[in-house]
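Just so we're on the same page: letters track the sequence lines, and every chain starts at 1.
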Amino acid sequence: MPRSPSPSPPAGQPSTASDAGDAVKAIYVFANEKGGMTDINRGKINEIIAQLSQSSAYTAKLLKSDRRVDETVALLQQKLQRSDEGARRSAAAVVARQVAALEASRRADRCCAVIDFDMFYAAVEIRDRPELADKPVAVGGIGMISTANYVARRWGVRSAMPGFIGQALCRQLVFVRPDFAKYTAVAEVARAIFREYDPKMTAGSLDEAYLDLTDHLHKRARDGGGGGAGDDSGDCDGGGEGERRGTALTGEALGELAGEVVGEIRARVKEATRGLTTSAGIGPNFLLAKIAADVRKPDGQFCTGWSREAVLSFLAPLPVRKVPGVGRVMEKARARKDGAASAVCELLSRAAEARLLFTPGSADSLLRKSLGWEEGGREEAAGEALQKGISCERTFRPTGDEAELGETLRRLCASLAEEMAARQLRGRTVTLKMKTSDFDLLTRDSSAARPVGAAEELQARAVMPLTVAD
DNA sequence: TCTTGAAGGACCC
DNA sequence: CGCCAGGGTCCTTCAAGA
């Protein structure tokens, strides 16, 4: 029984004056537009979100933490004012040296790709329920939406948005419960294909894969129809460590071949998953490939190029938030004098400042990233990357009832112990994480002499710091 | 002085 | 009416030990 006849997203009239506070709007304003959200009235959507959020404890927390960030930024500004000429000059000199060194070692012999499913969870669900295809769909619940399809995004519904707000933005929004077992199985199908191209491929998450295509491309150039030119005979690929010199395949030639290969991978994945599309980024390292993966979303691919000019002209105009690792706080800390967000080129032109303000490690990382250099995120990680921790958390209605809290803790410990037993894991440090009704996060931990894993042990350790603290 | 542990945060999907 | 996740990693800061 369809009730409302073909409703459409909010049209583009300017929204009238509102009572939602500007501060609230500033917090929830869309930092950047995700794909599929081009023709909507952002003002209207922001208005609805601000109205609904205005008086929530969650918003109060965000405003508070935002003020704290502002204070920190102000302190940084003062620090900059007070810095003397000498310090500034030497910071600039250090930066100049670093830039020169990085540029001198820019490589053109490696090719990385990041491949990402488009609206993964939602795509899987729609594939299995085709009648949802042209409806606005959100995977998640009233508490939180983890993925929205492109129809829903036209109303402003997006991932990481609480479900009730999604519903207010789009009354026809269809909610689908996530089914992680299903998504894991689909991801595994894709990963099997990825491994054919890079056996050491790593997964950033269920829907995201990092592939170093260098070896595969060389092999293909040698075996394939490339005419055999530039093929140094007698190279032993037994010790293949990803960096093979002596082959002429570099830069743009690498990129061209990579484009074909990635197209092939994506087609195979689409076929094997019965129609799921992916987007991909290709570049000289994972940082650039990752940023590039966002460019032609959905169902497309983009290659950054290898030369300094190509890389910098790609990066320079991007807002800093596009750089992996730069979040809300760093964006604010590096905002321009007028408060507007900086682009990557400003990160670069103000690199000496950053060196005075942040720890050397942070400043380095920022500089390398703004030159498109850092081997971002997933690098080969040397050994097999062991998982560092395992957790189980649940949000529930606020309560002060100790029996109830105790029971919740017991259940969490039981379910965590079960998971740990299934995976044959144990740990030495047990951390209890608590969220208060005003969204403050607290952690307390307790370390055992030897690794523990049983529910009772976890529970005892989790309760211990609670009784000691508050 | 260099490590280590604990607590808190920033960030990512 | 009221509803803002859950799984991680890595970094920084501070205090205490070795």
Query raised in the report: With sugar-phosphate meaning primed atoms plus P, OP1 and OP2, does A/I145 contact a base, only sugar-phosphate, or nothing at under 4.0 Å between heavy atoms?
Result: nothing
Requested in this report: Could you tell me whether A/G163 contacts a base, only the sugar-phosphate backbone, or nothing, with contacts defined as non-hydrogen atoms closer than 4.0 Å?
Outcome: nothing
Report summary line: DNA chain B nearest-nucleotide lookup for A/S205 and A/T429: closer to the 5′ end is A/T429
Requested in this report: Using only side-chain N and O atoms of A/R328, determine if any of them is under 4.0 Å from OP1 or OP2 of B/dG9.
Outcome: no
Query raised in the report: Between C/dG8 and A/S391, is there an OP1 or OP2 to side-chain N/O distance shorter than 4.0 Å?
Result: yes
Query raised in the report: Under 6.0 Å between ring centres, would you say that holds for A/F194 and A/Y210?
Result: no
Query raised in the report: Of A/E393 and A/P398, whose nearest nucleotide on DNA chain C comes first from the 5' end?
Result: A/P398
Report task. Nearest-nucleotide wise, let me know which of A/V69 and A/D207 is further upstream toward the 5' end of DNA chain B. Result -> A/V69
Query - Test item: A/F358 and A/S365 side chains (from C-beta on) under 4.5 Å apart, heavy atoms - result: no
Report task. Hey, which sits more toward the 5' end of DNA chain C by its nearest nucleotide, A/C392 or A/F439? Result -> A/F439
**Report entry** Side-chain-base donor-acceptor pair under 3.5 Å for A/T395 and C/dC4
**Finding:** no
Query raised in the report: Which one of A/V151, A/N149, A/V137 satisfies the side chain to side chain contact (heavy atoms under 4.5 Å, CB included) criterion with A/L132?
Result: A/V137
Query raised in the report: Is A/K435 touching bases, backbone alone, or none of the nucleic acid, heavy atoms closer than 4.0 Å?
Result: sugar-phosphate
Report task. Determine the contact category for A/K61: base if any of its heavy atoms lies under 4.0 Å from a base atom, sugar-phosphate if only primed atoms, P, OP1 or OP2 are that close, otherwise nothing. Result -> nothing
Query raised in the report: Of all the nucleotides listed (C/dC4, B/dA7, B/dC11), which has the minimum atom distance to the side chain of A/M330?
Result: B/dC11
**Report entry** Among C/dC3, C/dG7, C/dT13, the nucleotide that comes nearest once only the side chain of A/T359 is considered
**Finding:** C/dT13
Report summary line: Here the gap from A/C345 atom SG to A/R350 atom CZ, rounded to the nearest 0.5 Å, amounts to 10.5 Å
Report summary line: Rounded to the nearest 0.5 Å, the CH2 atom of A/W155 sits from the NZ atom of A/K44 at a distance of 15.0 Å
Query raised in the report: Quick one: bend of the helix from B/dT1-C/dA18 to B/dC13-C/dG6 from 5 pairs per end, to 10°?
Result: 20°
Query raised in the report: Touch check for A/S362, heavy atoms < 4.0 angstrom, all strands: base, sugar-phosphate only, or nothing?
Result: sugar-phosphate
Report task. Would you mind classifying the nucleic acid contact of A/T431 as base, sugar-phosphate or nothing, using non-hydrogen atoms under 4.0 angstrom? Result -> nothing
Query raised in the report: OP1 or OP2 of C/dC10 less than 4.0 angstrom from a side-chain nitrogen or oxygen of A/K388, does that happen here?
Result: yes
